[in-house]
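One structure is given here, and the rest of the page talks about it.
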Amino acid sequence: MRFFLFFFFFSITFISNSQIRNVNGGLGGLPNRNSDANDTLVNLNKKSKRESLAKAPIDLYKIYTLHKDTTFVDTSLTIKSEYKYNLIRKDIFGLLPFSNEGHTYNTLQFGWFKKASFPNFGFTAKHFNYLEVEDINYYSVPTPLTDLYFKTVMEQGQTLDAFLTVNTKPNLNFSIAYRGLRSLGKYVNNLSSSGNFRFTSSYFTEDKRYVFNAHFTGQDISNQENGGIVNLEEFETSEDPFNERERIKVYFTNATSLLKGNRFFIDHSFKLNKENPNSLVFTHQFNHEYKFFQFTQPTPSDRFGDRFSSSINNKTRYNHLYNKVGVAYKTKNYGDLEFFVDDNKYNYYYNSLIYDSSGNISVPNAISDRINNLGGNYSYLIKNVNVRLHVSQSISDQSISNIEASGNYKLNDDYKFEFKYQKLNSLPNLNFNLYQSGYLDYNWFNNFKNEKLNQFEFSVFSKWLNINTTYKVLNDYLYFDNTTNDITKLTVKPMQYDKTINYLSVKASGEIKFWKFAIDNTVLYQSVEQSSDIVNVPQIVTRNTLYFTGYVFKKAMLLQTGVTFQYFTKYYANDYNPLLGEFYVQNERKIGDFPMMDFFINARVKQTRIFLKAEHFNSAWTGYDFYSAPNYPYRDFIVRFGLVWNFFQ
């Protein structure tokens, strides 16, 4: 850690002084355009003379996704800034956080995770703060750009996300970032500690025939796991001494989970003809990732049943090697067509074997496989129409396939329509098929059927209201279930539902403004048709924010203040199993039907955005019946503050 901090700040000092903007032509001949009055970019002095340099336009600070979608650096202060001011830097509508920062989230909106046809590692409850390939962005900036995120936590700690990107040449970019978290939490054995390091590089030749993007990530997410509170009455009365949360009895006092992973990723392409816009393009993508999930418990708990040994140390390892080679034909008028073949090799393993009473192997130590897909992509963009199609089918022994189609049409500046369809035949996550543990009941080896999904999605975007409708048809759905039907005893095992599940959701959002006041509303309706209660969701989830925005101190500061109201109807929420790092289905205890109200005061001064929030300030007024999962209380009232600070060198 000390070496990283030294290297990080040394890099800031060195790179900031190595990139100077050219006044006449911008960096590397980029056009010098007049900047908007609202841009928050600072002027630089060149050499020792105090020459006034032009501000770089904000649209030169570009952010690219893996799919080549482009956005720009945003230093504005809007209600979206408030929603994204959290650990994972996303709008978390549809997620319900646990009491401590960085622990996990319960899912109110079904389908938050997008499933792939390949089998994933599993342990999904620990992956909310884990940056996947699609979460890594690439950059192009005329001057060095720094983004600093800071926020206080629940107890004894803080969270910091420091990011720096620089173009050493117009066609060569580097970025380095580290997100660190430490929060003790309010309950016994509830510490969260995580680190997400990422390094990216982007390059293209001057004629743009060759384009290269790569990144490296090193991530570790550690949580002390207390298993939730034992006696709910202690929490719900919250009388002395139980209003001090560390006095409430929890199930585990020395259990810890750890998810750790390293990934090296490359995506590059070469255009055959540099002159003709209609040309063949050769593409290649490489991904190598190693992960492990470990659960340790020096003093085993009877809650998980009998065990093999006097202490628990479960460690699941995963190696993944992926290559994709493709050839595309890009045209100016008819869209782009690509054909590809990929090779997906993985090894999911333990260092032990489980034998039955006859001496035969009942649970092996590994699942290894190699999957090859053949597929194609087509994209068409002209005027106000954008169409994309993806088709892939396995050509190896496994029977998997994926069809995705999307299209959007922009009628005018006020109306946009979007349609998406997916038909997916996917292999189970690996921890459904194989798991080993020091607890006897948590050892299995299965051969489940593929999961099948048909999904339709239609959206309408307007200046007044956005509506999204999703309809899913699921077959052979996989889930975890507590076979004891007793919430105090956990014998959780993977199950497969052999009937059809139909899921419908309608999400509406919009903002109404009057003078300096505004009210932002998001409402989600969900309905499920099924023979058994497998997919449990709240029928209504809502978030409503009433706020004021205006300038103060002679327009030196932009102020934003208001109240956010959140609510979801009562339902049988999935419970959390720390041994598996997964949520499981339960139908014994409902949670919900409690309001969550936050008061916030945010401000922007130049490139700095300051955030102050009184979270769940109504907790003592409306009763202590608020839970994130059946045994895990939601957050008490707490005041937190922090900032996001951008530097444009």
Side-chain angles (χ1 to χ4, degrees), residues 69 78-86 88-97 105-115 124 128 134 386 388 404-411 414-422 424 453-474 477 501-513 518-530 534-547 562-574 583 591-598 628:
D69 297 324
T78 66
I79 194 61
K80 292 182 180 179
S81 307
E82 162 65 21
Y83 295 153
K84 293 181 180 180
Y85 186 65
N86 54 62
I88 60 177
R89 310 293 294 271
K90 298 177 182 178
D91 186 349
I92 58 172
F93 177 84
L95 295 181
L96 184 63
Y105 298 83
N106 211 336
T107 306
L108 301 176
Q109 182 175 357
F110 179 67
W112 177 270
F113 284 108
K114 184 178 180 181
K115 190 163 178 59
T124 55
F128 288 97
E134 296 78 11
N386 187 0
R388 291 183 179 180
E404 294 184 64
S406 66
N408 62 67
Y409 172 68
K410 186 177 180 182
L411 182 64
D414 293 335
Y415 292 98
K416 180 181 176 182
F417 304 91
E418 186 174 87
F419 173 79
K420 295 181 181 179
Y421 170 74
Q422 183 179 23
L424 182 65
L453 167 70
N454 271 283
Q455 176 173 307
F456 303 85
E457 186 175 345
F458 181 72
S459 302
V460 179
F461 304 93
S462 72
K463 61 186 299 185
W464 301 281
L465 185 66
N466 300 326
I467 299 177
N468 171 272
T469 302
T470 302
Y471 180 70
K472 299 175 187 280
V473 180
L474 301 102
Y477 178 73
I501 299 174
N502 294 281
Y503 167 83
L504 172 68
S505 72
V506 180
K507 182 179 177 182
S509 61
E511 186 175 45
I512 301 172
K513 293 185 177 181
I519 181 169
D520 182 82
N521 302 296
T522 303
V523 179
L524 171 69
Y525 168 80
Q526 300 178 106
S527 176
V528 183
E529 289 185 6
Q530 54 192 346
I534 305 301
V535 174
N536 297 324
V537 295
Q539 188 176 45
I540 301 293
V541 183
T542 182
R543 179 182 66 194
N544 313 91
T545 303
L546 175 65
Y547 67 100
V563 176
T564 297
F565 171 85
Q566 298 181 78
Y567 172 86
F568 62 94
T569 53
K570 215 162 203 177
Y571 78 112
Y572 289 111
N574 289 349
F583 283 88
I591 68 167
D593 194 24
F594 60 87
M596 297 167 282
M597 300 180 68
D598 304 329
S628 298

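Computed over heavy atoms, backbone and side chain alike; hydrogens, waters and symmetry mates excluded.
Each of Thr522, Thr78, Asp520 was evaluated against Tyr83; a single residue qualifies, Asp520, per the side chain to side chain donor-acceptor pair (under 3.5 Å) test.
Partners of Gln109 by side-chain hydrogen bond (donor to acceptor under 3.5 Å, both in side chains), not counting sequence neighbours: none found. For the side-chain hydrogen bond (donor to acceptor under 3.5 Å, both in side chains) test, residues two or more places apart in sequence or in another chain that qualify with Ser459 are Asn468. The salt bridge (charged side-chain N to carboxylate O under 4.0 Å, His left out) test applied to Glu404 returns Lys114, not counting sequence neighbours.
The NZ atom of Lys410 sits 12.5 Å away from the CZ atom of Phe461 when rounded to the nearest 0.5 Å. The CG atom of Leu108 sits 8.5 Å away from atom CG of Leu524, with the distance rounded to the nearest 0.5 Å. If you take CG on Asn466 and OG on Ser509, they are separated by 4.5 Å, rounding to the nearest 0.5 Å. Lys463 NZ to Tyr415 OH: the interatomic distance, rounded to the nearest 0.5 Å, is 9.0 Å. Atoms OH and CD1, on Tyr547 and Ile519 in that order, are 10.0 Å from each other to the nearest 0.5 Å. One distance of note links OG of Ser406 with OH of Tyr421; it measures 13.5 Å at 0.5 Å rounding.
Residues Val537 and Thr107 are not in side-chain contact: their nearest non-hydrogen atoms beyond the backbone lie 4.5 Å or more apart. The shortest distance between side-chain heavy atoms of Leu424 and Lys115 falls below 4.5 Å. The closest side-chain heavy-atom distance from Glu418 to Lys420 is below 4.5 Å. Contact of the Gln530 side chain with the Tyr477 side chain is not registered, since no non-hydrogen atoms from C-beta on lie closer than 4.5 Å. Annotation: side chain of Asn408 is in contact with side chain of Asn386 (closest heavy-atom distance under 4.5 Å). By the 4.5 Å heavy-atom criterion applied to side chains, Leu95 and Phe128 are counted as neighbours.
By the 6.0 Å contact criterion, CD1 on Ile540 is enclosed, its count of non-hydrogen atoms from other residues, nucleotides or ligands being greater than 12. No more than 12 heavy atoms of other residues, nucleotides or ligands lie within 6.0 Å of NZ in Lys416, so this atom counts as exposed by the packing criterion.
For Asn454 and Tyr471, the side-chain atoms include no donor-acceptor pair closer than 3.5 Å.
The aromatic rings of Phe458 and Phe417 sit parallel to each other, their planes meeting at less than 30°, with 60° as the upper class boundary.
Across all their heavy atoms, Val541 and Phe568 have their closest contact at CG2-CB, 4.0 Å. Across Tyr567 and Asp593, no two heavy atoms sit closer than the pair OH-OD1, 2.6 Å. The two residues Gln526 and Pro538 make their nearest non-hydrogen contact at NE2-O, 2.9 Å. Taking all atoms of both residues into account, the shortest heavy-atom contact from Asn574 to Phe583 is O-CD2, 3.7 Å. Between Asp91 and Trp112, the shortest heavy-atom distance links the atoms O-CH2, 3.5 Å. Of all non-hydrogen atoms in Phe93 and Thr542, the two that sit nearest each other are CE1-C, 4.1 Å.
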Point to revise | Residue pair Gln539, Tyr571: steps toward the side chain to side chain donor-acceptor pair (under 3.5 Å) verdict | key: CA-CA 8 Å; Gln539 188 176 45; Tyr571 78 112; over 6 Å; no
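At least one donor-acceptor pair closer than 3.5 Å links the side chain of Ser462 to the backbone N or O of Leu465.
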